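Just so you know, these numbers come straight off a predicted model, no measurement behind them.
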Amino acid sequence: STHGVILSFSTILPQVIINMLYARVCLDATLTGSWNYSSIHVMRKFLSSILLAFLLTFGAQGGIKVASLHPLLSDMAPNVGREAVEVIDLFPENGELHAFEPTTADIAAAAGAKLVLACGKGIEPYLEDLRDTLPASTQIIELGASVPDVYITGSKVTDPHWWNSPSAMKRASRDLRNALEKAYPQ
């Protein structure tokens, strides 16, 4: 994808601080023998939330900022929103769709996004955790949610890859347009 993440000092510095704090917590837990994955996981989520709040407060202001969890959606957003949309592609170049999960750095890169675009239909099993991490003002849009289920031939299993259908893409594009208009009524 041609969409990149523009890193600025206000984006990098808080991430460095969060990583240093997280590393310190892990080191302390290792040295004291009180390693508890659950509490470390909660601490990391908490620190990520602090980072995101900082970036939302002090980050750069711009057009309609939309984060995307899939390269196809990263391409769809500027086609629907035109030049008014700034896309932050969270999916790594040459990444594996079924193994991808956004990192703290990915979440920091998406700071200020009002919308996070997801495929839905179970493609992103981490969405609930991501919802817990993002501020309430950030809305996750599952573009496949309104697309009718398609069953794999000869089974009762649904195929979550809705973007293979032109009519599903058309429906998802309309839903994206409506979400952009609702999030940014200008």
Where do K65 and I88 land on the side chain to side chain contact (heavy atoms under 4.5 Å, CB included) test, with the steps shown first?
CA-CA 7 Å; K65 194 169 181 182; I88 307 302; 3.7 Å; yes
Test side chain to side chain contact (heavy atoms under 4.5 Å, CB included) on W162 and I123 and set out the steps.
CA-CA 10 Å; W162 55 265; I123 292 288; 5.7 Å; no
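At least one side-chain heavy atom of I107 sits less than 4.5 Å from a side-chain heavy atom of T133. Counting heavy atoms from C-beta on, the side chains of Q139 and V116 never come closer than 4.5 Å. Taking 4.5 Å as the limit, every side-chain heavy atom of T138 sits out of range of all side-chain heavy atoms of L115.
Every pair passing ring-ring contact (aromatic ring centres under 6.0 Å, His included) that includes a residue from residues 77-96 is listed here, sequence neighbours excluded: F91-F100. The side-chain hydrogen bond (donor to acceptor under 3.5 Å, both in side chains) analysis of residues 170-180, with sequence neighbours excluded, yields the pairs S146-D175. Pairs passing the salt bridge (Lys or Arg N to Asp or Glu O under 4.0 Å) check and including a residue from residues 110-123, sequence neighbours excluded, read K121-D149.
Note: L143 CG to S68 OG = 8.5 Å, rounded to the nearest 0.5 Å. Rounding to the nearest 0.5 Å gives a distance of 10.5 Å between CE of M76 and CH2 of W163.
Scanning for side-chain contact (heavy atoms from CB on, under 4.5 Å) contacts around A77 gives V85, V87, L117, L176, with sequence neighbours left out. Take S167 and apply the side-chain contact (heavy atoms from CB on, under 4.5 Å) test, not counting sequence neighbours, and it matches S165. Shown here are the side-chain contact (heavy atoms from CB on, under 4.5 Å) partners of E101, two or more places apart in sequence or in another chain: Y126. Here D159 pairs with H161 under the side-chain hydrogen bond (donor to acceptor under 3.5 Å, both in side chains) rule; sequence neighbours left out. Judged as a side-chain contact (heavy atoms from CB on, under 4.5 Å), and not counting sequence neighbours, the contacts of A118 are L69, E124, L127, I140, E142.
Taking Ile, Leu, Val, Met, Phe, Trp and Tyr as members and joining any whose side-chain heavy atoms lie under 4.5 Å apart, directly or through other members, the hydrophobic cluster of I152 also contains V157.
Residues V147 and M169 share a hydrophobic cluster, clusters being chains of Ile/Leu/Val/Met/Phe/Trp/Tyr side chains in contact below 4.5 Å.
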